Trainee: 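Have a look at the structure that comes next, please.
This chain uses plain numbering: 1 for the first residue, then up along the sequence. These numbers come from a predicted model, not from an experiment.
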Amino acid sequence: CLVAFIGFFQIVALSVLIPLEFQTLTGADPREAALMLIPFTLAMPIGAYVAGRYAAYSGKFKPLILVGNTLVFTALLAFAFTDLHRIVLAVLLLAVVGFGIGMQLPSTIVGVQNAVARHDVGVATATVAFVRSFGAAVGVAVLTSILLAGLRSHAPALHAALSGSEVLRDLVEGSLARADPALRQKLLAGAGAAFRNIFIVSAGLGLVGLAIGALLRNETLHGRPHS
C-alpha cells in the first residue's frame, strides 16, 4: 500500500507541476506545456502492460516494484538537473518516469491481493484504491507547498513582500519581463531552483519506494507454480 501511495503521490503531483514548470521556465503557452506531458502519460499504460505480462508469465511482482522505482528515481533525478530547452532529453526522461510508475500500478494491486485470504480480496482492493486517492491528494498539496515556499525564499529582496504564488503568477504571465528584465532573470533562476527541489524530493520518494520494495518477500502469485 505504501508503494501505491507513493506512486499516485507522484502521478498527480507531476501531472500538475510538469506543465507549470515548462510554462514558467521556457515561456511555453499552456497548450505547448501540456503537450510536454504526453510522453509521461502514454508511458504509464505501456509500463502497466509490460508489468502485467511479466507477472502473468513469471508469477512474481517484487521485481516489478524494484525496477519501476529504480527507473523513477534515476529519471526524476536526471530530469531535476536537465535544461528544459533540451526538449528531446526532457520528454524522454519523463517517458521513463511514466513507464516506471506504470510498472508499479498492477504489481501493487496483485501484491496486496496476493497477501490476503480470498474472502478479503475485495476489502484489500478497496484499501489500495483509497490509499491511491489519498496519495494523489497529498502529493499535489505537499509538492505545491514546497514549490511556493521555494519561490518565496528565492525572491529578490525587492520582491520580498510577494508570496510564492504571486511570484509564480508574475513569471507565467510575463508581467515582469516588460517592467524589469534583470529582475525577471533573478526570479527565473529562483524558480528553476524551486522546481529542481520538488523533483529531487519526488525522486527521493522513488528511493523510499525502492527500499520498501526490497523489504517485500519475493512471493509467487496464487495459482502459479512455485519455483
Trainee: With respect to Gln104, which candidate in Leu66, Ile109, Asn69 satisfies the side-chain contact (heavy atoms from CB on, under 4.5 Å) definition?
Mentor: Asn69

Trainee: Is there a side-chain contact between Ile212 and Ile6, using heavy atoms and a 4.5 Å cut-off?
Mentor: yes

Trainee: When rounded to the nearest 0.5 angstrom, what distance separates OG in Ser202 from CG in Leu14?
Mentor: 4.5 Å

Trainee: Describe, in one word, how the ring planes of Phe22 and Phe79 are oriented to each other, choosing from parallel (under 30°), tilted (30 to 60°) and perpendicular (over 60°).
Mentor: tilted

Trainee: Report yes if some heavy atom in the side chain of Leu207 is under 4.5 Å from a heavy atom in the side chain of Leu210; otherwise report no.
Mentor: yes

Trainee: Closest approach of Ala33 and Pro19, non-hydrogen atoms and distance?
Mentor: CB-O, 3.3 Å

Trainee: Heavy-atom distance under 4.5 Å between the side chains of Phe73 and Thr70, does that happen here?
Mentor: no

Trainee: For residues Ile65 and Gly209, report the shortest heavy-atom separation together with the two atoms involved.
Mentor: CG2-O, 4.4 Å

Trainee: Look up atom CG in Leu76 and atom CD in Gln10, then write down how far apart they are to the nearest 0.5 Å.
Mentor: 6.0 Å

Trainee: In this structure, would Ile101 and Val67 fall into the same cluster of hydrophobic residues linked by side-chain contacts under 4.5 Å?
Mentor: no

Trainee: So Leu147 and Leu20, do their side chains get closer than 4.5 Å, heavy atoms only?
Mentor: yes

Trainee: Could you check Leu92, Leu94, Leu89 and say which one makes a side-chain contact (heavy atoms from CB on, under 4.5 Å) with Thr82?
Mentor: Leu89

Trainee: Could you tell me whether the side chain of Ser15 reaches within less than 4.5 Å of the side chain of Phe40, counting heavy atoms only?
Mentor: yes

Trainee: Does any non-hydrogen side-chain atom of Phe61 lie less than 4.5 Å from one of Thr108?
Mentor: no

Trainee: I want to check something: taking the side chain as every heavy atom from C-beta on, are Thr26 and Glu21 in contact at a cut-off of under 4.5 Å?
Mentor: no

Trainee: Count I, L, V, M, F, W, Y as connected when their side-chain heavy atoms are under 4.5 Å apart, and connections chain through other members. Are Ile11 and Phe130 then in the same cluster?
Mentor: yes

Trainee: Quick one: pull up CZ in Phe199 and CG in Leu93 and give me the separation to the nearest 0.5 Å.
Mentor: 11.0 Å

Trainee: Output yes when a side-chain donor or acceptor of Lys60 lies under 3.5 Å from a complementary backbone atom of Ala55, and no otherwise.
Mentor: no

Trainee: Are Phe9 and Met103 connected in a single hydrophobic cluster, I mean Ile/Leu/Val/Met/Phe/Trp/Tyr linked by side-chain heavy atoms less than 4.5 Å apart?
Mentor: no

Trainee: Considering all heavy atoms of both residues, which atom of Leu64 and which atom of Ala51 are nearest to each other, and what is their separation?
Mentor: CD1-O, 3.4 Å

Trainee: If I compare all heavy atoms of Phe81 with all of Leu77, which pair ends up nearest, and what's the gap?
Mentor: CD1-O, 3.2 Å

Trainee: Verify the cluster assignment for Leu105 and Val50: are they in a single hydrophobic cluster under the rule of side-chain heavy atoms below 4.5 Å apart?
Mentor: no

Trainee: Once rounded to the nearest 0.5 Å, what's the spacing between atom CG of Leu143 and atom CZ of Phe195?
Mentor: 11.0 Å

Trainee: Treating Ile, Leu, Val, Met, Phe, Trp and Tyr as nodes and any side-chain heavy-atom pair under 4.5 angstrom as an edge, say whether Phe134 and Val201 lie in one connected cluster.
Mentor: yes

Trainee: Provide the closest heavy-atom pair for Ile200 versus Ala80 in the form atom of the first, atom of the second, distance.
Mentor: CG1-CB, 4.0 Å

Trainee: For Pro106 versus Gly52, what's the shortest heavy-atom pair and its separation?
Mentor: CG-N, 4.2 Å

Trainee: Quick one: does Val72's side chain get under 4.5 Å of Phe99's, heavy atoms only?
Mentor: no

